[in-house]
Every structure is written in C-alpha cells, then in structure tokens.
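Predicted, not measured: the structure shown is a model, and the values here were computed from it.
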Amino acid sequence: MTTPMDAGKWPPSYPPRTPPPPKRPVEPPRPDPKGDAGDAVATRSRLRARIANRRAGNWTYDTAPWASSSSPSKAGDDVLSRLRAWGYHLPDDHPVVALTARLVRAAVADGGRRASVHLADEEQDRQVVVLVLSHRPGPAPDGSGRPGDTTPDDGGLLQELAVLGASSCGTETDRDGGGRRRWALVAL
C-alpha cells in the first residue's frame with residue numbers, strides 16, 4: 001500500500017462551520033420621543049356585530065333621503081324571506097317584519113349614511129334577534145347620536161318595540177363614533 005500524498009493536511013470538518021447567531025435580536029426602531037402629530041394615523045372604534053355559532057344574515061341599506069322611504073319595508077321583507085329560507089313558516093304580517101322596519105326607521109332618523117341589519121336565529125328556542133346599526137361618519141358635537149341631543153332617548157322606541165311583539169329589546173350608543181346599536185329579540 002502506498003501512503004496518500006496529502007497525509008499532512010487536516011481532514012475537512014463536516015458539516016461546514018456556520019456563522020454564530022447575532023448576540024441580540026434585531027429590534028424595530030424606537031419611537032421618536034418628540035413625535036409629530038401629523039405622522040400619527042387616526043383610528044376610531046366602530047360598531048360591529050359579532051354573531052357566532054348561529055345562522056346569520058346581514059344587509060346594508062342606504063339612508064339617503066331619496067332611498068330612506070323604501071329601506072324599512074325592504075329590510076322587513078329581506079328578513080322575512082331569509083327566515084323562510086331557513087325553514088320557518090311565517091305569515092306575511094309576522095311581528096318580525098314590523099320590528100325590523102321600525103328599527104331601520106330609527107336608524108335612518110340618526111342621519112348616518114347607511115344602516116346595517118343583522119339577523120341571527122336560535123333554533124332550539126325558535127327565537128331570532130334583529131340587530132340594526134346606524135353608521136355615522138363621525139360623532140355629533142355633543143357626543144350623542146343626533147345633533148342637538150344631550151342624551152340618546154330611545155325609551156319611546158323600546159316601548160313601541162315591546163308593543164310590536166319583542167320579547168326583549170335594547171339600545172347602545174357608540175360615544176366615539178356616533179352610531180347606535182338597537183336590537184330586538186322575537187319569538188317565532
């Protein structure tokens with residue numbers, strides 16, 4: 001046997017050496033303590049509907065003066081047709097139609113650009129909740145839903161909803177965004 005010619009060299013190391021990790025992780029740049037107000041992005045919370053583990057439907061309606069006269073009746077018809085599609089056999093004059101129309105009329109009166117209707121059902125108890133959000137582009141000067149009001153007055157609306165057949169109803173005002181959330185629970 002013969003000896004290899006490169007016996008004096010060291011054998012290569014396997015795997016090849018990798019560079020060591022950095023001593024500390026890279027951090028994002030820290031905010032400027034002076035800060036420019038013009039660089040900040042203005043965000044505001046929005047009224048949102050979150051419905052989980054239920055069948056749900058939602059629609060958006062224009063509340064412009066030329067369209068607001070048909071929006072309440074169209075909303076009631078849309079809710080009734082969705083409930084029928086879900087298998088509920090309801091007459092045309094079921095209270096859910098009048099309740100939905102009344103809630104949409106209240107949202108139109110808030111003066112926002114649109115109103116959204118959200119519907120969810122509880123199959124076991126045969127109940128549905130109709131939720132109507134009135135969307136305003138910004139808060140009124142005094143923080144209420146309507147210009148000139150100091151507090152939202154939906155007491156008359158809630159009484160009217162109870163007379164129309166709501167088993168439970170309520171209202172909530174978004175102080176930051178100016179919109180209102182109104183809902184009614186109806187037995188089918």
Side-chain angles (χ1 to χ4, degrees), residues 43-140 144-147 149 152-188:
T43 60
R44 64 179 177 99
S45 60
R46 297 175 56 190
L47 283 177
R48 295 183 184 263
R50 183 173 182 272
I51 300 170
N53 302 329
R54 299 196 179 349
R55 291 186 292 190
N58 55 8
W59 303 266
T60 303
Y61 300 99
D62 191 11
T63 59
W66 54 268
S68 62
S69 61
S70 63
S71 294
S73 60
K74 183 165 175 33
D77 293 341
D78 289 344
V79 166
L80 185 63
S81 66
R82 179 64 58 96
L83 289 172
R84 286 178 176 164
W86 287 345
Y88 295 107
H89 302 288
L90 303 173
D92 290 338
D93 60 345
H94 192 273
V96 73
V97 176
L99 286 166
T100 303
R102 182 61 187 105
L103 288 169
V104 171
R105 274 196 302 276
V108 167
D110 282 346
R113 288 184 294 177
R114 68 185 191 281
S116 59
V117 177
H118 303 267
L119 174 73
D121 75 331
E122 177 65 44
E123 289 182 87
Q124 295 170 346
D125 298 333
R126 289 188 52 89
Q127 293 181 336
V128 295
V129 64
V130 179
L131 172 71
V132 177
L133 303 176
S134 63
H135 301 273
R136 291 183 53 94
S144 67
R146 293 184 205 122
D149 285 351
D153 182 24
D154 280 336
L157 172 69
L158 298 178
Q159 290 175 355
E160 188 176 341
L161 293 174
V163 168
L164 287 173
S167 53
S168 177
C169 54
T171 183
E172 179 181 27
T173 301
D174 178 18
R175 298 288 181 194
D176 298 331
R180 288 196 198 171
R181 179 183 304 174
R182 298 174 178 95
W183 68 91
L185 183 66
V186 185
L188 299 177

Is the shortest side-chain heavy-atom distance between Val97 and Asp93 below 4.5 Å?
no

Val117 side chain near Thr60 side chain, heavy-atom distance below 4.5 Å
no

Determine the sole option in Asp78, Asp77, Val79 for which the side-chain contact (heavy atoms from CB on, under 4.5 Å) test with Thr100 is passed.
Val79

Applying side chain to side chain donor-acceptor pair (under 3.5 Å), can you list everything that pairs with Arg126, at least two apart in sequence or on another chain?
none

Which pair of heavy atoms, one from His135 and one from Ser116, lies closest together, and at what distance?
NE2-OG, 2.9 Å

Given Arg55, Arg84, Arg82, the one that forms salt bridge (Lys or Arg N to Asp or Glu O under 4.0 Å) with Asp121
Arg55

Under the side chain to side chain donor-acceptor pair (under 3.5 Å) test, which residues partner Gln127, sequence neighbours left out?
none

How many angstroms lie between CH2 in Trp183 and CG in Leu131, if you round to the nearest 0.5 Å?
8.0 Å

Give the intermediate values and the outcome of side chain to side chain contact (heavy atoms under 4.5 Å, CB included) for residues Asn58 and Leu119.
CA-CA 6 Å; Asn58 55 8; Leu119 174 73; over 6 Å; no

Atom CZ of Arg105 and atom OG of Ser69: how far apart are they, to the nearest 0.5 Å?
11.5 Å

Would you give the length of the straight line joining atom CZ of Arg102 to atom CD of Glu160, rounded to the nearest 0.5 angstrom?
4.5 Å

Which atom pairs, one a donor and one an acceptor, fall under 3.5 Å between side chains of residues 164-171 and the rest of the protein, sequence neighbours left out?
from: Ser167; atom 1: OG; to: Leu185; atom 2: O; distance (Å): 3.0
from: Thr171; atom 1: OG1; to: Asp154; atom 2: OD2; distance (Å): 2.8

Verify, without hydrogens or angle tests, whether Thr63 (side chain) and Arg113 (backbone) share a donor-acceptor contact under 3.5 angstrom.
yes

Let's go through Val186 and His94 carefully: what are the C-alpha distance in whole Å and the side-chain angles of both, what is the deciding distance for side chain to side chain contact (heavy atoms under 4.5 Å, CB included) to 0.1 Å, and is it a yes or a no?
CA-CA 10 Å; Val186 185; His94 192 273; 4.1 Å; yes

Output, in order, the C-alpha distance, side-chain angles, deciding distance and verdict of side chain to side chain contact (heavy atoms under 4.5 Å, CB included) for Tyr61 and Val108.
CA-CA 9 Å; Tyr61 300 99; Val108 167; over 6 Å; no

One pair to check against side chain to side chain contact (heavy atoms under 4.5 Å, CB included): Val96 and Val130. What are the steps and the verdict?
CA-CA 8 Å; Val96 73; Val130 179; 3.9 Å; yes

Electrostatic pair Glu122:Arg54 at N-O distance under 4.0 angstrom
yes

4.5 Å side-chain heavy-atom contact, Arg182 and Leu157
yes

Ser71 side, atom OG; Arg114 side, atom CZ - distance, nearest 0.5 Å
13.0 Å

